[in-house]
Amino acid sequence: MAGRIEGKVALITGAARGMGAATARLFIDQGAKVLLTDVEDAEGQLLAKELGENATYTRLDVTDETQWQSAIAHAKTTFGAPVSVLVNNAGILRAIPLPLMPLADYQQVIDINQTAVFLGMKNVVPAMAEAGKGSIINVSSIDAFQGSPALSAYVAAKFAVRGLTRVAALELAAMNIRVNTVCPGATRTPMMDCPDMAGIDIDALSARMAPMGRMGEAPEIANATLFLASDEASYITGTDIVIDGGTIAGVGVEMFSQIG
């Protein structure tokens, strides 16, 4: 039985671990050929080797437009077909209160979490035009819907990604290129090990915030990404899939439990 994305060529950023790695595993399982990209070379190469002949790894600094162009060309050379699925997953987290946030740290988060999404979308368009269709999935966050203390740069970037996604969806629809976001809540990935968050019990915090009472897991985000990459989502563009255990649905369960 054919996989849900059989024969598609996908490029995934931040693919060495976390949500990117989970997405790469699922895409391979569902028939895609996958170019894993990251700056964590040892982990990326090891994962590509584990995933077999339909996976390969190349280093990609997502803030470097020339490297984007090289990676997209490398995918076609390796797999014999242009990229038709792009997952803009790479990201970093800094948790520093606004008055203490160094400009360099703020700009780094913007460069990796926001500007890189623009660069990926811009440079993948010719490949997807050649393929005749495409799906771009930008990883945003529930922090693109609300403010979060100490996350000024992260929130600003993730809000911007939702806006960029809508512009791209409008511009690229005539080329049969769909553009959507997945918006995870707190998810168990290495990014949550940010040094700024040391001493915070993320599991306990997530249990209080999410009505489902737990953190998300990377494969749960990957499942939504797979859907958007597949032809099952052929009439979906310019929208968000929120995967957060109900966190932003409304007033938290803690308040509800105190009523009556």
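Count residues from 1 along the sequence.
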Nearest atoms (heavy-atom pairs only) where Gln114 meets Val161: CA-CG2, 4.3 Å
Expected output: side-chain Asn223 to main-chain Pro219 donor-acceptor under 3.5 Å: yes
Glu6 side chain to Gly3 backbone, donor-acceptor under 3.5 Å: yes
Within-4.5 Å side-chain heavy-atom neighbours: Ser141 and Tyr154: yes
Check against side chain to side chain contact (heavy atoms under 4.5 Å, CB included), Thr37 and Trp68: CA-CA 10 Å; Thr37 72; Trp68 267 108; over 6 Å; no
Backbone of Thr181 reached by a side-chain donor or acceptor of Asp240 within 3.5 Å: no
Within-4.5 Å side-chain heavy-atom neighbours: Glu65 and Asn123: yes
Side chain proximity check, Leu172 to Val125, heavy atoms < 4.5 angstrom: yes
Co-membership, hydrophobic cluster, residues Ile92 and Leu98, 4.5 Å side-chain: no
Side chain proximity check, Lys133 to Ile177, heavy atoms < 4.5 angstrom: no
side-chain contact (heavy atoms from CB on, under 4.5 Å) partner of Leu226, chosen from Leu26, Asp29, Thr23: Leu26
Side chains of Asp111 and Thr63, donor plus acceptor under 3.5 Å: no
Non-hydrogen side-chain atoms of Leu93 and Leu151 separated by less than 4.5 Å: yes
Interatomic distance, Leu46 atom CG to Leu51 atom CG [nearest 0.5 angstrom]: 9.5 Å
Nearest atoms (heavy-atom pairs only) where Ala233 meets Leu228: CB-CA, 3.9 Å
Derivation and outcome, side chain to side chain contact (heavy atoms under 4.5 Å, CB included), residues Ile137 and Val182: CA-CA 7 Å; Ile137 302 105; Val182 293; 4.0 Å; yes
Ile12 with Phe227, same ILVMFWY side-chain cluster at under 4.5 Å: yes
Residue from Val139, Thr165, Ile136, Leu164 passing side-chain contact (heavy atoms from CB on, under 4.5 Å) with Asn88: Ile136
CD on Gln69 to CD on Gln67, rounded to 0.5 Å: 10.5 Å
Exam field: side chain Thr77 to backbone Ala75, donor-acceptor pair closer than 3.5 Å: no
Criterion side chain to side chain contact (heavy atoms under 4.5 Å, CB included) on Val39 and Arg59, from CA distance to verdict: CA-CA 5 Å; Val39 293; Arg59 183 178 180 85; 3.9 Å; yes
Given Val87, Leu36, Asn54, the one that forms side-chain contact (heavy atoms from CB on, under 4.5 Å) with Phe27: Val87
Any Asn138 side-chain heavy atom under 4.5 Å of Met121 side chain: yes
Least distance between heavy atoms, Lys122 atom then Pro126 atom: O-CD, 4.0 Å
Joint hydrophobic cluster, Ile248 plus Val155, side-chain heavy atoms closer than 4.5 Å: no
Rounded distance (nearest 0.5 Å) linking atom CG of Asp105 with atom CD1 of Ile96: 4.5 Å
Min side-chain heavy-atom separation Leu35-Val83 under 4.5 Å: no
Of Gln45, Glu40, Glu43, the residue whose pairing with Tyr57 passes side-chain contact (heavy atoms from CB on, under 4.5 Å): Gln45
same_hphob_cluster(Phe159, Phe145) at 4.5 Å side-chain heavy-atom cutoff: no
Check: Ala16 main-chain N/O paired with Asp38 side-chain donor or acceptor under 3.5 Å: yes
Distance-minimising heavy-atom pair for Val85 and Ala229: CG1-CB, 3.8 Å
Reported OG-to-CD1 distance for the pair Ser148 and Ile142, which is rounded to 0.5 angstrom: 7.0 Å
Cluster check Met215, Val242: I/L/V/M/F/W/Y, side chain < 4.5 angstrom: no
Contact summary for Ile112 and Gly91, nearest pair of heavy atoms: CG2-CA, 4.0 Å
Ion pair check, Asp143 and Lys158, cut-off under 4.0 Å: no
Donor-acceptor contact below 3.5 Å, side chain Arg4 vs main chain Ser230: no
Side chain to side chain, Arg25 and Glu50, heavy atoms closer than 4.5 Å: yes
CZ-CD distance between Arg94 and Gln108, expressed to the nearest 0.5 angstrom: 7.5 Å
Closest approach of Leu86 to Met128 (non-hydrogen atoms, all atoms of both residues): N-CE, 3.6 Å
Lys/Arg N to Asp/Glu carboxylate O, Asp231 vs Lys8, below 4.0 Å: yes
Separation between CE of Met19 and CD1 of Ile243, rounded to the nearest 0.5 Å: 8.5 Å
